[in-house]
Amino acid sequence: MLRVLVLPIYPTPDPEVLLVETPSELERQIGVARQAATTTYLDAHARVQAVISRWIGVEQAVESRVKSLIAPDEPLTPGILYVGVATLTGSVLARNRLFWRMTLPPALLVLSLNHFLPKTTHNASTYLSELEEKHFPTFAEKHEIAKAHSAMTWDRVKDATQNGRETFSNGVADLVGRVEEATGLKLRETLGWRSQAVNAGKAQAEKLAATAAQASETAQAVVEVKVEKAVEAKPAQPKRLV
């Protein structure tokens, strides 16, 4: 038997061809390397940004701290120049001796800071003391003890100096008095000591009068308060009927 081939009336569509992309081994390795490089770059960029942000924060904190330490009524432009000149002067004066070269410039630096920039120096000293108490409490305690001993020693030196000056002045006054008695010359009036003594006596008298007036006012106020308390505490006497 013969089979009859029947052809379709309409044309048949072409079959679809699907292309599947399969990367080679080289392309796969290049993709992995590219992804690793991108990840490393992003990680390094994030770390750099974190360091920059931290540095900016530290810079702002330091700037605000410095502004808080500087006294607004003390100009830094001439004062810091005077401090630098004083410190360099100490280095020049002590250039031939090692001990003085190690001690004189720091001493002049501290003295010039306290003289030309007293408020700023006080603020900086207070801030350093706070840092010392916060991070090194033991050293801060020893430092305070040393400062107390230094203050006591300085007070003793001032008292001894004042007593020596008074003793010397009294000795000179006695000597001048003896010379006046022996020669009849009025050396005290010539030197102006009598007016100074009179002024000193007036000042002492005024000081004593002010102290006495203040004590009198205080005593009067105390008496008035006690009288008021006594009146308030005294019971009221009953009235008698006649």
Original post:
Linking I/L/V/M/F/W/Y whenever any side-chain heavy atoms sit under 4.5 Å apart, do Val83 and Leu88 land together?
Top reply: no
Identify all side-chain donor-acceptor contacts of residues 35-51 below 3.5 Å with residues at least two apart in sequence or on another chain.
{"residue": "Thr38", "atom": "OG1", "partner": "Arg34", "partner atom": "O", "Å": "2.8"}
{"residue": "Thr39", "atom": "OG1", "partner": "Gln35", "partner atom": "O", "Å": "2.9"}
{"residue": "Thr40", "atom": "OG1", "partner": "Ala36", "partner atom": "O", "Å": "2.8"}

Original post:
For Phe99, which fellow cluster members are found when Ile, Leu, Val, Met, Phe, Trp and Tyr are connected by side-chain heavy-atom distances below 4.5 angstrom, either directly or through intermediates?
Top reply: Trp100
Subject >> Lys67: partners by side-chain contact (heavy atoms from CB on, under 4.5 Å), with sequence neighbours left out >> reply: Glu63
**OP:** Using the test salt bridge (Lys or Arg N to Asp or Glu O under 4.0 Å), find all partners of Arg54 that sit at least two apart in sequence or belong to another chain.
**Re:** none
Original post:
If you group Ile, Leu, Val, Met, Phe, Trp and Tyr by side-chain heavy-atom gaps below 4.5 Å, do Leu98 and Leu109 land in one group?
Top reply: no
Original post:
Tell me the ring pair (Phe, Tyr, Trp, His ring centres under 6.0 Å) pairs involving residues 47-80, sequence neighbours left out?
Top reply: none
Got a list of side-chain donor-acceptor pairs under 3.5 Å for residues 115-126, not counting sequence neighbours?
{"residue": "Lys119", "atom": "NZ", "partner": "Asp73", "partner atom": "OD2", "Å": "2.4"}
{"residue": "Thr120", "atom": "OG1", "partner": "Ala71", "partner atom": "N", "Å": "3.3"}
{"residue": "Thr120", "atom": "OG1", "partner": "Glu74", "partner atom": "OE1", "Å": "2.9"}
{"residue": "Thr121", "atom": "OG1", "partner": "Leu113", "partner atom": "O", "Å": "3.0"}
{"residue": "Thr121", "atom": "OG1", "partner": "Leu117", "partner atom": "O", "Å": "2.5"}
{"residue": "Asn123", "atom": "ND2", "partner": "Leu69", "partner atom": "O", "Å": "3.0"}
{"residue": "Asn123", "atom": "ND2", "partner": "Lys119", "partner atom": "O", "Å": "3.3"}
{"residue": "Thr126", "atom": "OG1", "partner": "His122", "partner atom": "O", "Å": "2.8"}

**OP:** Hey, could you give me each pair passing side-chain hydrogen bond (donor to acceptor under 3.5 Å, both in side chains) that has a residue in residues 82-91? Not counting sequence neighbours.
**Re:** none
Tell me which donor-acceptor pairs under 3.5 Å the side chains of residues 148-158 have, and how far apart each pair is, sequence neighbours excluded?
{"residue": "Ser150", "atom": "OG", "partner": "Ala146", "partner atom": "O", "Å": "2.8"}
{"residue": "Thr153", "atom": "OG1", "partner": "His149", "partner atom": "O", "Å": "2.8"}

Subject >> Distance (rounded to the nearest 0.5 Å) between Ser112 OG and Leu81 CG >> reply: 11.5 Å
Original post:
Shared ILVMFWY cluster between Ile56 and Val62, side chains joined below 4.5 angstrom?
Top reply: no
Original post:
Crowded around Gln29 CD? As in, over 12 foreign heavy atoms under 6.0 Å?
Top reply: yes
Original post:
Hydrophobic cluster mates of Leu93, side-chain heavy atoms under 4.5 angstrom, ILVMFWY only, any path?
Top reply: Leu104, Leu108
Donor-acceptor contacts, no H, no angles, side chain residues 131-138, under 3.5 Å, sequence neighbours left out:
{"residue": "Glu132", "atom": "OE1", "partner": "His143", "partner atom": "ND1", "Å": "3.1"}
{"residue": "Glu132", "atom": "OE2", "partner": "His143", "partner atom": "ND1", "Å": "3.4"}

**OP:** Name all residues meeting the salt bridge (Lys or Arg N to Asp or Glu O under 4.0 Å) criterion together with Glu59; count only those two or more places apart in sequence or in a different chain, and write none if there are none.
**Re:** none
Original post:
Taking only residues two or more places apart in sequence or in another chain, which ones pass side-chain contact (heavy atoms from CB on, under 4.5 Å) with Ser53?
Top reply: none
